[in-house]
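Sequence positions, counted from 1, serve as the residue numbers for this chain.
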Amino acid sequence: MDFRLVFITSILLLQVFLILSMVEAEDLTTRLLLTSNVEIQGRRHSEGYCAMYDICGKRSDGKVLNCPFGSPAVKPDDLLSSKIESLCPTITGNVCCTETQFGTLRSSVQQAIPFLVGCPACLRNFLNLFCELTCSPNQSLFINVTSVAQVGDNKTVDGIDFYVTDTFGQGLYESCKDVKFGTANTRAINFIGAGAQNFKEWFAFIGRKASPNLPGSPYPITFRPNPTKSSDMKPMNVSTYSCSDISLGCSCGDCPSSSECTKTAPPITHKRDSCSIRVGSLMVKCIDLILAVLYIILISVFLGWGLCHRMRERNPGSRTKSVPSVVTGGVLHSVNTQKDENLPMQMLEDAPQIRKGVQLSAVQGYMSNFYRIYGSYVARNPKMVLFSSLAIFLLLCLGLIRFKVETRPEKLWVGPGSKAAQEKQFFDSHLAPFYRIEQLILATIPDPVNGMSPKIVSEDNIKFLFEIQKKVDAIRANYSGLMVSLDDICMKPLGEECATQSVLQYFKMDPKFFDNYGGVEHLNYCFEHYSSADECMSAFKGPVDPSTVLGGFSGSNYSEASGFVITYPVNNAIDEGGNEIVKAVAWEKAYIQLVKDELLPMVRSKNLTLSFSSESSIEEELKRESTADAITILISYLVMFAYISLTLGDIPHPSSFYVSSKVLLGLSGVILVMLSVLGSVGFFSAVGVKSTLIIMEVIPFLVLAVGVDNMCILVHAVKRQQVELPLEGRISNALVEVGPSITLASVAEVLAFAVGSFIPMPACRVFSMFAALAVLLDFLLQVTAFVALIVLDFLRVEEKRVDCFPCIKVSSMHADNDKGTDQRKPGLLARYMKEVHAPILSIWGVKIVVIAIFVAFALASIALCTRIEPGLEQKIVLPRDSYLQGYFNNISEYLRIGPPLYFVVKNYNYSSESRHTNLLCSISQCNSDSLLNEIARASLVPQSSYIAKPAASWLDDFLVWISPEAFGCCRKFINGGYCPPDDQPPCCAPDEVSCHAVGVCKDCTTCFHHSDLHNDRPSTTQFREKLPWFLNALPSADCAKGGHAAYTSSVELKGYENGIIQASSFRTYHTPLNKQIDYVNSMRAAREFSSRISDSLKIDILPYSVFYMFFEQYLDIWKTALINLAIAIGAVFIVCLVITCSLWSSAIILLVLAMIVIDIMGVMAILNIQLNAVSVVNLVMSVGIAVEFCVHMTHAFTVTSGDKEQRAKEALGTMGASVFSGITLTKLVGVIVLCFSRTEVFVIYYFQMYLALVLLGFLHGLVFLPVVLSIFGPPSRCVVLVEQTEDQSSTS
C-alpha cells in the first residue's frame, strides 16, 4: 500500500524537476551573463551601470553566455519597457538587458511560476531575485564578474559574485519554504531548491555550474552577503514580501505562519490516555486502583459475613433443618432431612409409602414427562428411531452438492453493509480502482554477533539486482494462448515505461548506465538529489524517492540501508472476472513460481534474504491452507475416538473387556458428530451460503467436544441406574435424570453460537451460523440416534456379544458379575470427587481462599481487559510455512512510507455562484479553513492525525494552470483549440533538443487575462471548458502543472457539464503504520477529521485508503463485543430462568458465566491475543460452552436433599466425575490437537482461547461453583412424598 504513492508522485515530480532545472539553467545564464563586469570602462561599480550586457556566445550544449563588458544602463523602447514592468515591477526606467535577454528570462521563470503562483508573495520575491540579476539598472553595484572565458572570437562571462543581503535571502526563503507542490505531495523548494533547509543552501544550488547537457547555470555564481568596503559595491536588498502579507497573501497550506492560519490551532486528536494516579513512586491506572479498593471492600464484607455465619452455625438449634413436602391429596407433611444414598434425582416407580421426590418447575416437569415417555419409546423401538433420524440427516447432506468455499479476503473479512466497503465501491466506480501491487524485498542478513545488518548498497548487489530484474522482465505467463509479460499489465503513467519502483531506476533500468553514470557513487548522489538531477530521473520520467526503494535505514541515511524494495504497480479493474484481472493473476502466478524456483536459490547463494508478494498471494495462500492441516484433523479425530471409546466403556476385566468395551458406540458417536457437521454445511450450501476454511477445520472440533460431553453424560446416567430395572426403565430414568440439563445446556449453546451471527465480519458470521446449526443437529442426533445406539449396545452386552463384532456371542463367567457389580460400583474418579475433592472444599478456610482467589482474578482480568488491543495480524491467518510470513515481517521493518490516503469530495459545485471552490482549494484567496488548508494543518501534527503531508490538489493545480501568471500552461490557438506548451508536440518535434514558439504555435496566446476572471477564479463556463484540457495536458518543463499523469483518475467528468462534479479526490499519505493499532487509529483519525470538516464546510467528504475496508470492524469492536456478550449471557440467563423457574439458580449461573468470560479476556491480555471478530465469536461461544460446566452441577445441587454443605458434596459426587471426564477431558483432548495446526490463527484463537476456556470452566465449575453453592446456593427442590393411593407415585 505504502509504495503506491510513489508512482503518482514520481510522474509529476519529474516534470517539475525538469522545469526547475531549465529555469535555473537559463535564469542563471541570463543573469550571470548580464553581470559580467570585468572590463567596464569608467566607473565599474556605480549606480546606472551594468556589469553584464547582451549575449556574446553559447556553450557547446547551447546554454547562452553573457558579455563581460559593463556599460551604462539603456533606456528600452516602450514595448520592451511594458513587458519588463509586467514581469518585474521593481524595475523602471533604464535597464541592463536586451529584448533577447529578457525573453530568455521570461521563458526561464515561466517554468518556475507554476510552482509558486499559489503563493504570490513567494513568487514576487523569487521573480525579484532574477529580475534584479538580469535587468536591474544598478546591476554593477551587486554583480562582479570574477572570471572570463574565450568563446570563438568573443569573451564571455565564466563566473560571477552576486552580492545579496542576508535579509533578502532570509525573506525569500521564509516566504517560499512551505509552498506546496501538490502534484507530488511535497514542497516546491524540493524542486526549485533541491530541498534546501535555508537560503544559503538554496543560493548554493542556484549558483552551481551545470555539467554539459544538464540543467543549471552555464557558469558558477557565488552568492555573497557583503562586498569589500573598497569596492564601492552594495549588496542587492530589494524589499521582500512576507507570505502572511495580506496584499500578497498566501494560503495556510503555503504559509502556516500567517496570522490568518494561526488563529485556529492545528486540530489535535489526543490519544485517549487512561487515567493514572501517582502512588508513591509508582504511576497506577485509575481502574487498577479502583478495582484494588473494590477487592478489599468485597473481601472485608465477605469475611465479616462469614464470621457472623460461623457464629450462628455454632448454635445447635440451627443445625437441623426441615424441608417442605408435597403430599398428593392435599396433605402436607414435614420430616427432618436425612441423607439418602440413592440418587436424589431418581423417581422410582416401585417406591415405599414415604419417599423422596423432586419438585420440578413446570417446564422441567413437561420435559421430564416427555423424556420418560420418549425414553421408553426409544428403548422399545431403537432401530426405527436410529434409521429414521439418520435418513433425515442424510437428506440435509444432499446440499453438499452445492458446496463452495469462499477464499477472497474482501468477502471473508468485510461485511456487505460495511461503510468502508460502500466507500470503496464509490471510489472504484467513480474514480478508479487502486492498482495491484507485486513486490520484492531483497535484504542483507543481520550479523549474529551484534544484530546489525550490513549495508545493501554495493556494486555486487546492484549488479545482482539487475540479474533479478532481467528474469522478472522475461516472465511470460500463458493466458488463453497469449503470452503475458510485465510490460503488458504494468502501470504506465505517461504511456511509455512501467512505473516500477526500484533503485535501478536511477540507472534508467538499464545495466549499461551503471558504469556510465559512475556506479555506486551515482546512487549516493541520487539519494540526495533525486528530485533535482536529471540523470537521477527514472525511465518513466519521474523522480524516485529513495525512501520508497530502500529499507532498513534511519532518518535520511539512505546509504546505510540494508534492503532493496522493488515494487511493480499493475493495472487493476473493477470487474474481477475481466481480462485485465485474469491476465494479471496469470502473470502473478508465474512471478511467484519464478521467485520460488529461481530467485530464492540465487539470493541464498549471495548470502542475502528475499521476501516477496503479489496482489493475489493472500487469496492463493488461503486456498492452500485448506489442505495444510488435513493430517492434523485426521489425527485429532482418531485421538478423540480413542478417548471416547475408553470413557464410555466399563472398568476393563481381561476376561470380559471385549464385551464391556464401547469402541463401536464411541465410533458411532464420532460418526454422528461428523454427520451433524455435514448436515449443517449441507443445509447452508443448499441455500447458497459459501463455507470457509475455519468452518471446515474448527467446527468439527467444537461439535465433537460439545457432543462428546452429552454422550458421556447419557452413557454414565444409564450405567448409574439400578441394574434390577429393565433396560426400558433404565433408559427412561436416565433421560429423566439428565435430559433437562442436557437440553438446557444445548439450547444455551445454540443461542450463544447464534448470537455470533450478528457479528458483521462475514467469516465469523457464517462460522457462527454453521456452528449453531451443527450443535443443534448434534443435540438432536444425541437424543435420537445416539440413545438408540445406547439401547442397542446395552442389548449387545446383555446378550454377551463382542464389541465391534456383534454377530459373535461369547460365554463368560464374569458376564453376570459385571452386570451385577460393575455397573453399580462407583469409579475411581467418582470416589475421588466424593471422598477427597468435596471434603476439602467443605473446609471453611478453603472456601475463603477459593472465593478470594477467584474474585481477585476476576477483578484483575477486568483491569487487564483495558490492555487488549484491537486488530488481527495478517500473518496469523496464513499457514506457518507461507512465504508471506517473512514478507509481512519485512514490511514493518523496511518500508518507510505510509499508505496513500484520499479525501473524496462528493458533488463539488464548481459554478461561480457556489463557494465550494474556495472552501476546497489552498492557494491565494482560498478560505483559511478550506479542506486542503485543514489537511495541511493536520499534517503538522502527524503523531495524532496520522497525515504525513499536505494533499496533492488537482483543484489548486488547475487554478494555477489557467491563471494568467502561468502563461506557459493554459494556451489556445487562434481558432480557440488547446495549444500545448512550446516544448511539446506539435509545437516542438519529439527529437528537438531546444524548442521555440515557432510554426504552428507561434500565435498561441494564454487562455485568460486577469480581466477575464473574477477574483482569479473562472466562471462556470470557463471551468467547464478548460477542465478537460487540464486533465489531458501532459506535464513538461514549460508547464509542470499539466494534470494528465497525476490527476487523470482524480476527477469524474461524467455529468460534470451541469456544474456538479460527482466525485473528486485529493491524495495525501498516512504516516508509516507498523502495528495493527496504528491502522485502526489512523482510520479513526481520518474519519473524525472528515466528519469535522464536512460539518464545517457543509460538503460531503469521505476518507478512503485501501486498508480501511479490512480495519473498519475494529473501530467499534469493543462495543460489538460487549453487546454480543450481553445478549449471549442474557439469552442463557433467560433460558435457565424459563426452564428452572429459579431466579436464584439462574443468577448463580449468570455470575459464574460472567466470571469465566471476564477471566478469558484477562488471559487474552496476558497472551497478547487481539480483540477482533474471531476472538469476539470465541468469547460469545465460550458463554454457551461454559454453560455445561455450570448447569449440570447447579441442577444436581438443586435436586439433592440435605443442607447446602451436604448437597454440594452430593452434587460433586454424582455429577463432578461426569463434568470432569465427560466435559473437561473431552474438550481438552479436542482442543489440544489444535496446537499442532500449521496455521497460527487456529493455534492462537482456537487452541489458546479454548484451552483457557476449558481450564477456567473446569476450575469454576468444580471448585468455585461448589463453594458458592455451599454458601449461597438456592433451596433444595427435593420433597417428601406421602403416597395415599397406589397411583400417586406416577402422579408425582
Q: Looking only at non-hydrogen atoms, find the nearest pair between Ala788 and Pro382 and report the distance.
A: CB-O, 3.2 Å

Q.
Counting C-beta onward and ignoring hydrogens, is there a side-chain heavy-atom pair between Leu1256 and Ile1160 closer than 4.5 Å?
A. yes

(Q) Under a 3.5 Å distance rule, please check whether Thr1224 uses its side chain to pair with a backbone N or O of Val1219 as donor and acceptor. (A) yes

**Q.** Distance (rounded to the nearest 0.5 Å) between Phe370 CZ and Tyr377 OH
**A.** 11.5 Å

**Q.** Ala717 versus Val738, closest heavy-atom pair with distance
**A.** CB-CG1, 3.7 Å

(Q) Quick one, Thr1198 and Thr1140 - any side-chain contact, counting heavy atoms below 4.5 Å? (A) no

Q) Salt bridge check: are Lys847 and Glu1205 linked by an N-O gap of less than 4.0 Å? A) yes

Q: Could you check if a side-chain atom of Leu1143 sits within less than 4.5 angstrom of a side-chain atom of Phe1133, using non-hydrogen atoms only?
A: yes

Q) Is Ser668 reaching over with its side chain to a backbone N or O of Leu664, donor-acceptor style, under 3.5 angstrom? A) yes

Q | Lys662/Asp793 salt bridge by N-O under 4.0 Å criterion | A | yes

Q | Sub-4.5 Å side-chain heavy-atom contact between Met1155 and Phe1264 | A | yes

Q) Just by modelled atom types, is the Leu1137 backbone N or O under 3.5 Å from a matching donor or acceptor in the Ser1146 side chain? A) yes

Q) Between CG of Leu781 and CZ of Phe393, what distance do you get to the nearest 0.5 Å? A) 3.5 Å

Q.
Tell me whether Arg372 contacts the main-chain N or O of Val736 through its side chain, where contact means a donor paired with an acceptor under 3.5 Å.
A. no

Q: Show the numbers, then the answer: is there a ring-ring contact (aromatic ring centres under 6.0 Å, His included) between Phe1258 and Phe1220?
A: CA-CA 7 Å; Phe1258 159 71; Phe1220 183 75; 5.3 Å; yes

Q. When rounded to the nearest 0.5 angstrom, what distance separates CD1 in Ile1271 from NZ in Lys1204?
A. 9.5 Å

Q: Could you tell me the separation between the CG atom of Asn381 and the CG atom of Leu386, rounded to the nearest 0.5 Å?
A: 12.0 Å

Q: Walk me through it: do Glu749 and Leu776 pass the test side chain to side chain contact (heavy atoms under 4.5 Å, CB included)?
A: CA-CA 9 Å; Glu749 287 168 351; Leu776 176 61; over 6 Å; no

**Q.** Considering all heavy atoms, the nearest Phe854-Leu1259 contact
**A.** CZ-O, 3.6 Å

Q: Without swapping roles, check the side chain of His1260 against the backbone of Leu1255 for a donor-acceptor pair under 3.5 Å.
A: no

Q | Worked check of salt bridge (charged side-chain N to carboxylate O under 4.0 Å, His left out) between Arg730 and Glu798 | A | CA-CA 14 Å; Arg730 281 180 279 156; Glu798 291 178 358; 2.8 Å; yes

Q | Any donor-acceptor N/O pair, Thr1194 side chain to Val1191 backbone, under 3.5 Å | A | no

Q. Is there a side chain to side chain contact (heavy atoms under 4.5 Å, CB included) between Tyr371 and Ile731 once you walk through the steps?
A. CA-CA 9 Å; Tyr371 278 118; Ile731 296 295; over 6 Å; no

**Q.** Positive for side-chain contact (heavy atoms from CB on, under 4.5 Å) with Phe1197, one of Ile1148, Leu1269, Val1268, Leu1265
**A.** Leu1269

Q.
Donor-acceptor check, side chain of Gln1206 to backbone of Asp1203, threshold 3.5 angstrom: yes or no?
A. yes

Q: Assess whether side chain to side chain contact (heavy atoms under 4.5 Å, CB included) is satisfied between Ser1270 and Leu841, documenting all intermediate values.
A: CA-CA 9 Å; Ser1270 68; Leu841 291 182; over 6 Å; no

Q. Could you give the distance from CZ (Phe1272) to CH2 (Trp305), rounded to the nearest 0.5 Å?
A. 4.5 Å

Q: Might you point out which heavy atoms bring Ile299 and Ala852 nearest each other, and give the distance in Å?
A: CD1-CA, 3.8 Å

**Q.** Shortest non-hydrogen separation from Phe779 to Ser746 and the atoms involved
**A.** CD1-OG, 3.2 Å

Q) At what distance, to the nearest 0.5 angstrom, does CG of Leu795 lie from CD1 of Ile790? A) 12.0 Å

Q.
If we ignore hydrogens and angles and just use 3.5 Å, is the side chain of Tyr374 paired with the main-chain N or O of Val783 as donor and acceptor?
A. yes

Q | Check against side chain to side chain contact (heavy atoms under 4.5 Å, CB included), Leu780 and Ser389 | A | CA-CA 9 Å; Leu780 295 177; Ser389 59; over 6 Å; no

Q) Does any non-hydrogen side-chain atom of Leu1179 lie less than 4.5 Å from one of Met1164? A) yes

(Q) Less than 4.5 Å apart, side chain to side chain, heavy atoms only: is that true for Thr743 and Met367? (A) yes

Q) Is it the case that Gln782 and Asp778 place a side-chain donor and acceptor less than 3.5 Å from each other? A) yes

Q.
Ignoring hydrogens and geometry beyond distance, is a side-chain donor-acceptor pair present between Ser1182 and Tyr1250 at under 3.5 Å?
A. no

Q) How far apart are the closest heavy atoms of Met833 and Gly1216, and which atoms are they? A) CE-O, 3.9 Å

Q.
Treating Ser732 as the side-chain partner and Glu728 as the backbone partner, does any N or O pair qualify as donor plus acceptor under 3.5 Å?
A. no

Q: Kindly indicate whether the side chain of Asp1159, heavy atoms from C-beta on, has any atom under 4.5 Å from the side chain of Val1163.
A: no

(Q) Using modelled atom types and a 3.5 Å cut-off, is there a donor and acceptor pairing between side-chain atoms of Ser676 and backbone atoms of Val673? (A) yes

Q: Answer whether the closest heavy-atom distance between the side chains of Ser842 and Lys1209 falls below 4.5 Å.
A: yes

